[in-house]
Amino acid sequence: MNTFINNLPKAELHLHIEGTFEPELMFKIAQRNGIKLSQKSVAELKESYNFNNLQEFLDIYYAGANVLIHEQDFYDLTWAYLQKAHEQNIVHTEIFFDPQTHTSRGIEFRTVINGIQNALDDGKTKMGITSKLIPNFLRHLDEEDAIRTFNEALKYRDIITGFGLDSSEVGNPPAKFQQVFEMVKAEGFLTVAHAGEEGSAQYIWDALKLLNVSRIDHGIRAADDLLLIEELEKTQVPLTVCPLSNLKLQVVKNISELPIKTMLQQNIMVTINSDDPAYFGGYINENYKAVAEAFNFNKSDILKLAENSFNASFLDNVAKTKWLVKLRDYYNKF
Ligand code: HPA
Ligand code: ZN
């Protein structure tokens, strides 16, 4: 099964580039920029990666991102992820980044997006990985700040596919961002939102109905609401589930508690993703393997998850079909 998963072509749809910041690279860049981290070593930093909830993680994740200053730093961060993605047979990736984490520290929007995009361009030419870029608004900040960020992002509209919503969920409901999401839609972008990670099923309803999102990030709490499950089945709005993230942030005690198997049986468009792999103990293949083990999945279940990753992506239909054919071929020959 592990070999089947390793070599399987996959799309990743829920990945925060700041969450791929490995401690070794963080120390290297911190040193380069003359910044002192509060931990003295890579080992000490890794020891701090024990989270009781989303907020404890976010505090450490935002602190780590503070060492990113120059365009080269954002390039190096993204390039390191792409190399890992390539090793794990990710052939298409839709990357989130948090502009406000950087602009609030005086780093220019262009420094961030140019560094990331240059690496994505090299990922395409050197490794054949296709990608989409999805800035996320930080939901713990106010909507005005999101609107300012959106207006700045418009300069880069040619390289942006859509916008998302992340950070501290509970207490920052989708309704808070209805206006900015309307602006985003009016300018022709796609939208996604984190919902139903720690927040209730109602946050998922609101992301669907108030923000008109094309995908829900996490969305596992949909399992609590039968009407919502029916809605997700009917509309085929995908969920980008991140099993190791949910485990590390103690949203569940065991992967087997996640509604992944049930949702597949209910014909919900579930996908598997890594969220913040440097912090949660695994990239995409480790997530697939954890799920395969927890649910005793066979190869056709895993194939279905990989097919979903392409079907739920923002690739065009030609590219989707190309990968679906390749996947079927891979499965038949394995
Ligand atoms: N949830 C909310 N915000 C985030 C996450 C997450 O899992 N990862 C990075 N920012
Ligand atoms: Zn996330």
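Note that ligands are numbered from 1 as they come in the structure, with each ligand's atoms numbered from 1 the same way. Numbers here simply count residues along the sequence, with the first being 1.
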>> Testing the basics here: between F51 and Y279, what is the closest heavy-atom pair and its distance to 0.1 Å?
In response: CE1-O, 3.7 Å
> What angle sits at the Zn ion (ligand 2) between NE2 of H14 and NE2 of H16, to 10°?
Replying inline: 110°
> How is the N/O/S atom of D275 that comes nearest to the Zn ion (ligand 2) named?
Replying inline: OD1
> Under 3.5 Å, is there a donor-acceptor pair between the H16 and D275 side chains?
Replying inline: yes
> Just distances here: any N/O of H16 and N/O of ligand 1 closer than 3.5 Å?
Replying inline: yes
> Picking from F109, Y156, F137, what satisfies side-chain contact (heavy atoms from CB on, under 4.5 Å) with P99?
Replying inline: F109
>> Tell me whether ligand 1 is touched by L58 - counting only heavy atoms on the residue side and a distance under 4.0 Å.
In response: yes
> Nearest heavy-atom pair of T103 and E108: which atoms, and what distance?
Replying inline: CG2-C, 4.5 Å
>> I'd like to know whether ligand 1 has F57 as a neighbour, heavy-atom separation below 4.0 Å.
In response: yes
>> Any atom of ligand 1 sitting under 4.0 Å from a heavy atom of S167?
In response: yes
> Does an N or O from D275, backbone or side chain, lie closer than 3.5 Å to an N or O of ligand 1?
Replying inline: yes
>> Ignoring hydrogens and geometry beyond distance, is a side-chain donor-acceptor pair present between K261 and N296 at under 3.5 Å?
In response: no
>> Looking only at side-chain N and O atoms, does N287 offer a donor or acceptor that is under 3.5 Å from a partner on S274?
In response: no
> Which of the atoms in ligand 1, numbered in the order shown and given with their element, are less than 4.0 Å from a heavy-atom of D276?
Replying inline: 5 (C), 8 (N), 9 (C)
>> Checking contacts here: is it the side chain or the backbone of D217 that comes within 4.0 Å of ligand 1, counting heavy atoms only? Could be both or neither.
In response: neither
> Any N or O of E197 that comes nearer than 3.5 Å to an N or O of ligand 1?
Replying inline: yes
> Do you see a donor-acceptor pair shorter than 3.5 Å between the side chains of D145 and Q100?
Replying inline: yes
> Is it true that E24 and K46 have a side-chain N and a carboxylate O under 4.0 angstrom from each other?
Replying inline: yes
> Any idea which part of L249 is under 4.0 Å from ligand 1, heavy-atom wise: side chain, backbone, both or neither?
Replying inline: neither
> Does any N/O atom on H218 come nearer than 3.5 Å to any N/O atom on ligand 1?
Replying inline: yes
